[in-house]
Amino acid sequence: MEKTNTVTLPSFLRRTMKAYALKAHIRQQGCELHRIGRSRNWQLKANFEQIQAIIAFVDLSNEPSWLWLAKLLRNEYKHLTHDELLKIASKLEDITINALIARSDCTIAQARTIIDELEGLD
């Protein structure tokens with residue numbers, strides 16, 4: 001079972017133009033998105049692949065008011081554990097160090113360690 005991450009999105013609707021489209025895409029990915037009580041803050045529950053899909057969608061969209069969400073999600077998951085990186089790399093066939101760095105925002109040393117471990121050189 002994949003780990004579900006929880007991210008608080010402060011003032012989600014106030015910071016986002018065309019929020020209906022963004023919310024629809026997030027829910028289309030299979031994520032949970034709901035308001036926290038009666039506050040203006042929202043909560044996102046998603047796994048790593050879903051978060052990566054949201055970041056890619058925001059980056060490809062032409063909506064500048066969504067960029068804060070991509071930045072928040074990148075900062076939230078910048079430091080992945082060794083096991084999470086290994087799981088990401090093992091799902092992708094013939095992954096390179098640069099591809100792993102681009103996909104997970106890990107360091108080059110972490111990427112080299114993961115690739116070596118997958119190739120059995122460790």
Side-chain angles (χ1 to χ4, degrees):
M1 184 169 161
E2 187 128 2
K3 180 182 168 189
T4 301
N5 303 301
T6 303
V7 181
T8 301
L9 307 174
S11 301
F12 178 69
L13 292 180
R14 291 180 185 239
R15 298 172 83 177
T16 308
M17 301 296 290
K18 300 180 186 175
Y20 60 90
L22 183 57
K23 289 190 318 185
H25 180 75
I26 289 171
R27 289 186 175 130
Q28 184 180 14
Q29 295 299 318
C31 307
E32 265 186 61
L33 180 67
H34 56 64
R35 192 170 161 194
I36 301 173
R38 295 179 64 188
S39 72
R40 61 174 78 156
N41 299 330
W42 288 63
Q43 190 173 55
L44 171 68
K45 291 183 181 179
N47 61 32
F48 183 75
E49 284 78 21
Q50 292 168 331
I51 289 172
Q52 289 297 323
I54 293 168
I55 292 171
F57 175 74
V58 169
D59 287 342
L60 292 175
S61 71
N62 292 327
E63 183 57 50
S65 69
W66 295 355
L67 294 176
W68 71 271
L69 178 63
K71 183 178 178 182
L72 177 78
L73 293 176
R74 278 191 189 102
N75 288 338
E76 191 76 25
Y77 296 102
K78 195 167 196 159
H79 307 289
L80 295 172
T81 65
H82 181 77
D83 293 334
E84 290 171 332
L85 287 172
L86 191 59
K87 185 184 292 185
I88 292 166
S90 64
K91 287 182 181 179
L92 304 171
E93 295 180 15
D94 299 328
I95 190 164
T96 64
I97 291 173
N98 289 335
L100 183 58
I101 291 170
R103 177 130 170 112
S104 65
D105 290 330
C106 66
T107 64
I108 192 166
Q110 289 174 318
R112 285 182 178 160
T113 304
I114 296 295
I115 299 296
D116 287 346
E117 191 172 321
L118 285 175
E119 292 176 349
L121 299 176
D122 190 31

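This structure is a prediction, so every number in the text was calculated from the model and none was measured. What you see below is based on every heavy atom in this structure, not just the backbone, and it leaves out hydrogens, waters and symmetry mates.
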Spatial distance of atom [atom1] ([X]) from atom [atom2] ([Y]) [nearest 0.5 Å]:
| X | Y | atom1 | atom2 | result |
| --- | --- | --- | --- | --- |
| Glu63 | Leu69 | CD | CG | 12.0 Å |
| Leu22 | Leu9 | CG | CG | 9.0 Å |
| Glu119 | Ile95 | CD | CD1 | 11.0 Å |
| Thr8 | Leu44 | OG1 | CG | 9.5 Å |
| Leu60 | Ile55 | CG | CD1 | 12.0 Å |
| Lys23 | Thr16 | NZ | OG1 | 10.0 Å |

(request) Using the test ring pair (Phe, Tyr, Trp, His ring centres under 6.0 Å), find all partners of Phe57 that sit at least two apart in sequence or belong to another chain. (result)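 For Phe57, the residues satisfying ring pair (Phe, Tyr, Trp, His ring centres under 6.0 Å) (neighbours in sequence not counted) are His25, Trp66.
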(request) Would you kindly confirm whether Ile26 and Leu67 end up in one hydrophobic cluster when ILVMFWY residues are joined by side chain heavy atoms under 4.5 Å apart? (result) yes
(request) Treat each ILVMFWY residue as a node, draw an edge where side-chain heavy atoms are under 4.5 Å apart, and state whether Met17 and Trp68 are in one component. (result) no
(request) Kindly indicate, with the supporting measurements, whether the criterion side chain to side chain contact (heavy atoms under 4.5 Å, CB included) is fulfilled by Arg14 and Phe12. (result) CA-CA 6 Å; Arg14 291 180 185 239; Phe12 178 69; over 6 Å; no
(message) Suppose we screen for side chain to side chain contact (heavy atoms under 4.5 Å, CB included). Which residues come up paired with Leu86, at least two apart in sequence or across chains?
(response) Ile114, Glu117, Leu118
(request) Check side chain to side chain contact (heavy atoms under 4.5 Å, CB included) between Ala53 and all other residues, then give those that pass, not counting sequence neighbours. (result)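 Only Gln29 meet the side chain to side chain contact (heavy atoms under 4.5 Å, CB included) criterion with Ala53.
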Show the nearest heavy-atom pair for residues [X] and [Y], with the distance to one decimal.
| X | Y | result |
| --- | --- | --- |
| Ser11 | Asn41 | N-OD1, 3.1 Å |
| Gln43 | Thr6 | NE2-CG2, 3.1 Å |
| Ile36 | Trp42 | CD1-O, 3.8 Å |
| Ala70 | Val58 | CB-CG1, 3.7 Å |
| Ala111 | Ile97 | CB-CG2, 3.7 Å |
| Gln50 | Ala46 | OE1-CA, 3.2 Å |

(request) Say whether, by atom type as modelled, one donor and one acceptor occur between the side chain of Arg112 and the main chain of Ile115 under 3.5 angstrom. (result) no
(message) Taking Leu33's backbone N and O only, do any of them form a donor-acceptor pair with Arg27's side chain (distance below 3.5 Å, no angle check)?
(response)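 At least one qualifying donor-acceptor pair exists.
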(request) Evaluate the side chain to side chain contact (heavy atoms under 4.5 Å, CB included) criterion for residues Leu85 and Thr113: first the C-alpha distance (whole Å), next the side-chain angles of each, then the deciding distance (0.1 Å), finally the verdict. (result) CA-CA 10 Å; Leu85 287 172; Thr113 304; over 6 Å; no
(request) Decide side chain to side chain contact (heavy atoms under 4.5 Å, CB included) for Leu72 and Arg15; before the verdict, give the C-alpha distance in whole Å, the side-chain angles of both, and the deciding distance to 0.1 Å. (result) CA-CA 13 Å; Leu72 177 78; Arg15 298 172 83 177; over 6 Å; no
